[in-house]
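As structure tokens, the structure follows; a few thoughts come after it.
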Number of protein chains: 2
Amino acid sequence: MAKKIQPIERCDSDVIHEEIVNKVREKMPQEETLYDLAELFKVFGDSTRIKILWALDESEMCVCDIAFLLNMTQSAISHQLRVLKQAGLVKSRREGKIVFYSLEDEHVKQIFDQGLIHISEESK
Amino acid sequence: MAKKIQPIERCDSDVIHEEIVNKVREKMPQEETLYDLAELFKVFGDSTRIKILWALDESEMCVCDIAFLLNMTQSAISHQLRVLKQAGLVKSRREGKIVFYSLEDEHVKQIFDQGLIHISEESK
DNA sequence: AACACACTTGAACAATTACTCATATGTTTT
DNA sequence: AAAACATATGAGTAATTGTTCAAGTGTGTT
């Protein structure tokens with residue numbers, strides 16, 4: 001993305017909404033927390049990764065099986081697994097030549113479910 | 001992102017993992033559902049939008065107040081509000097010159113909370 | 001040792017994206 | 001009607017990202 005910043009002129013309704021803005025500012029979580037939260041959701045924001053996570057929620061799988069399941073190259077899957085691992089969403093275990101991946105914890109499913117609730121509401 | 005596709009050669013462990021892959025494939029939701037889910041999380045995957053959503057969870061606000069709160073231009077905020085509106089996450093209401101935005105429903109907070117749980121687990 | 005297999009990694013490229021800037025729209029005030 | 005304000009929108013741009021391709025690492029087999 002690009003750069004942020006710059007001094008912003010406040011609109012004329014300043015006086016009117018001053019209190020609201022101050023109240024909201026007080027209650028906002030730390031900048032860093034919100035950034036981390038965005039980073040986490042960014043990881044969920046790709047259909048390949050969503051599919052991988054969904055698959056792993058069903059069963060531990062090796063890289064080549066995930067690639068086969070999703071009809072993608074091992075390389076592409078491996079790159080995405082790296083992203084998922086860095087986000088702390090999956091873990092791996094080597095068994096000879098094969099590396100098995102599985103979900104790191106059960107939060108993934110819960111995050112999915114909340115998303116699905118929104119989607120199903122939407123399509124009404 | 002680039003394009004997907006291509007015929008993928010299955011790895012040699014075919015026979016061994018065939019059953020698992022088939023079982024997982026059966027249980028996977030529709031392609032479109034997973035795509036929509038990724039699209040939804042993509043919207044959450046930007047810290048500006050996360051901040052806007054968080055602010056609106058505290059209080060209905062007009063564009064210029066959000067811009068002031070986040071120290072960004074009205075234009076930038078307006079562009080992001082458009083994205084949020086298209087995703088069905090926020091709604092707007094005009095009052096004279098001013099347009100007030102608010103959350104469309106209460107799912108937003110719940111999706112946040114799940115994300116925060118993951119983050120706090122992570123930092124242990 | 002040489003080879004094959006499962007996976008990882010780095011560079012390159014196309015597609016996407018978040019912002020800026022300039023301009024347009026809609027509303028109120030004069 | 002003209003001017004001012006709040007917001008929206010389109011084009012342009014720099015940064016980011018997901019995939020491909022080629023080459024690398026690690027493990028088992030011959």
Side-chain angles (χ1 to χ4, degrees), chain A residues 1-17 35 38-39 41-52 60-68 70-87 90 92-101, chain B residues 1-17 35 38-39 41-52 61-68 70-87 90-101:
Chain A
M1 328 312 143
K3 356 64 221 237
K4 305 185 174 186
I5 9 307
Q6 275 96 33
I8 304 290
E9 289 294 328
R10 183 76 189 288
C11 59
D12 277 5
S13 43
D14 281 13
V15 196
I16 309 173
H17 309 138
Y35 183 81
E39 287 302 302
F41 286 125
K42 202 171 285 178
V43 175
F44 283 87
D46 174 79
S47 60
T48 298
R49 288 191 294 265
I50 286 275
K51 287 175 193 169
I52 294 175
E60 176 187 67
M61 292 178 90
C62 70
V63 181
C64 76
D65 280 337
I66 300 173
F68 176 69
L70 304 184
N71 195 38
M72 293 178 66
T73 64
Q74 284 192 12
S75 178
I77 299 298
S78 188
H79 277 298
Q80 296 299 11
L81 284 168
R82 188 158 169 271
V83 174
L84 292 170
K85 199 169 187 181
Q86 283 179 336
V90 307
S92 63
R93 144 183 104 74
R94 182 177 270 276
E95 194 171 287
K97 290 182 292 188
I98 302 175
V99 178
F100 287 98
Y101 281 84
Chain B
M1 335 307 146
K3 352 75 227 221
K4 307 187 169 184
I5 352 101
Q6 276 97 33
I8 304 290
E9 290 293 328
R10 184 75 190 286
C11 60
D12 278 6
S13 41
D14 281 14
V15 196
I16 309 173
H17 308 137
Y35 183 81
E39 287 302 302
F41 286 125
K42 204 171 283 179
V43 175
F44 283 87
D46 174 79
S47 61
T48 297
R49 288 192 294 264
I50 285 276
K51 287 175 194 168
I52 293 175
M61 292 179 89
C62 70
V63 180
C64 76
D65 279 339
I66 299 173
F68 176 69
L70 304 184
N71 195 38
M72 292 177 67
T73 64
Q74 286 192 11
S75 179
I77 299 298
S78 188
H79 277 298
Q80 296 298 9
L81 284 168
R82 189 158 169 272
V83 174
L84 292 170
K85 199 168 187 182
Q86 284 179 336
V90 306
K91 58 176 185 256
S92 64
R93 148 183 101 76
R94 182 176 271 276
E95 195 171 288
K97 290 181 292 189
I98 302 174
V99 178
F100 288 98
Y101 281 85

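Protein chains get the first letters and strands the later ones, always in sequence-line order, with residue 1 at the start of each.
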Take the protein atom [atom1] of [X] and the nucleotide atom [atom2] of [N], then report the distance between them rounded to whole Å.
{"X": "A:His79", "N": "C:dC7", "atom1": "NE2", "atom2": "P", "result": "15 Å"}
{"X": "B:Lys42", "N": "D:dG18", "atom1": "NZ", "atom2": "C1'", "result": "10 Å"}
{"X": "B:Gln80", "N": "D:dG10", "atom1": "CD", "atom2": "P", "result": "16 Å"}
{"X": "A:Lys97", "N": "D:dG26", "atom1": "NZ", "atom2": "P", "result": "16 Å"}
{"X": "B:Met72", "N": "D:dA6", "atom1": "CE", "atom2": "C1'", "result": "17 Å"}
{"X": "B:Lys51", "N": "C:dA18", "atom1": "NZ", "atom2": "C1'", "result": "13 Å"}
{"X": "A:Leu70", "N": "D:dT19", "atom1": "CG", "atom2": "C1'", "result": "14 Å"}
{"X": "A:Phe100", "N": "C:dC5", "atom1": "CZ", "atom2": "C1'", "result": "14 Å"}

Measure the spacing between [atom1] of [X] and [atom2] of [Y] and express it to the nearest 0.5 Å.
{"X": "B:Phe100", "Y": "B:Asp65", "atom1": "CZ", "atom2": "CG", "result": "7.5 Å"}
{"X": "B:Lys51", "Y": "B:Ser47", "atom1": "NZ", "atom2": "OG", "result": "4.5 Å"}
{"X": "A:Ile77", "Y": "A:Met72", "atom1": "CD1", "atom2": "CE", "result": "4.5 Å"}
{"X": "B:Thr48", "Y": "B:Leu70", "atom1": "OG1", "atom2": "CG", "result": "7.0 Å"}

- Stepwise, does the side-chain contact (heavy atoms from CB on, under 4.5 Å) test hold for B:Lys42 with B:Glu39? CA-CA 5 Å; B:Lys42 204 171 283 179; B:Glu39 287 302 302; 3.1 Å; yes

Can you tell me which nucleotide in [options] comes closest to the side chain of [X]?
{"X": "B:Asp46", "options": "C:dA18, D:dG18, D:dA8", "value": "C:dA18"}
{"X": "B:Ser75", "options": "C:dG10, D:dT7, D:dT9", "value": "D:dT9"}
{"X": "A:Val63", "options": "D:dT7, C:dT8, C:dA6", "value": "C:dT8"}

- Task: Specify the angle, to 10°, made by the local axes at the two ends of the helix from C:dA1-D:dT30 to C:dT30-D:dA1 when five pairs are taken at each end.
- Result: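 Axis-to-axis angle, ends of the helix: 10°.
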
Would you say a side-chain N or O of [X] is under 4.0 Å from OP1 or OP2 of [N]?
{"X": "B:Tyr101", "N": "D:dA6", "value": "no"}
{"X": "B:Ser78", "N": "D:dT7", "value": "no"}
{"X": "B:Thr48", "N": "C:dA18", "value": "no"}
{"X": "A:Arg82", "N": "C:dC7", "value": "no"}
{"X": "B:Arg94", "N": "D:dA6", "value": "no"}

- Task: Check step by step if side-chain contact (heavy atoms from CB on, under 4.5 Å) holds for A:Ile66 and A:Gln80.
- Result: CA-CA 11 Å; A:Ile66 300 173; A:Gln80 296 299 11; over 6 Å; no

- Find which nucleotide of DNA chain C each of B:Glu95 and A:Ile77 is nearest to by heavy atoms, and output the residue with the more 5' nucleotide.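 Its nucleotide being nearer the 5' end, the pick is A:Ile77.
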
- Message: Angle between ring planes, A:Phe44 versus B:Phe41, binned at 30° and 60°: parallel, tilted or perpendicular?
- Response: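 Aromatic pair A:Phe44/B:Phe41 classed tilted.
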
- Message: Please compare A:Glu39 and B:Leu81 by the position of their nearest nucleotide in DNA chain D and report the one closer to 5'.
- Response: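 Result of the comparison: B:Leu81.
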
- Message: If we ignore hydrogens and angles and just use 3.5 Å, is the side chain of B:Arg94 paired with the main-chain N or O of B:Gly96 as donor and acceptor?
- Response: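 Yes.
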
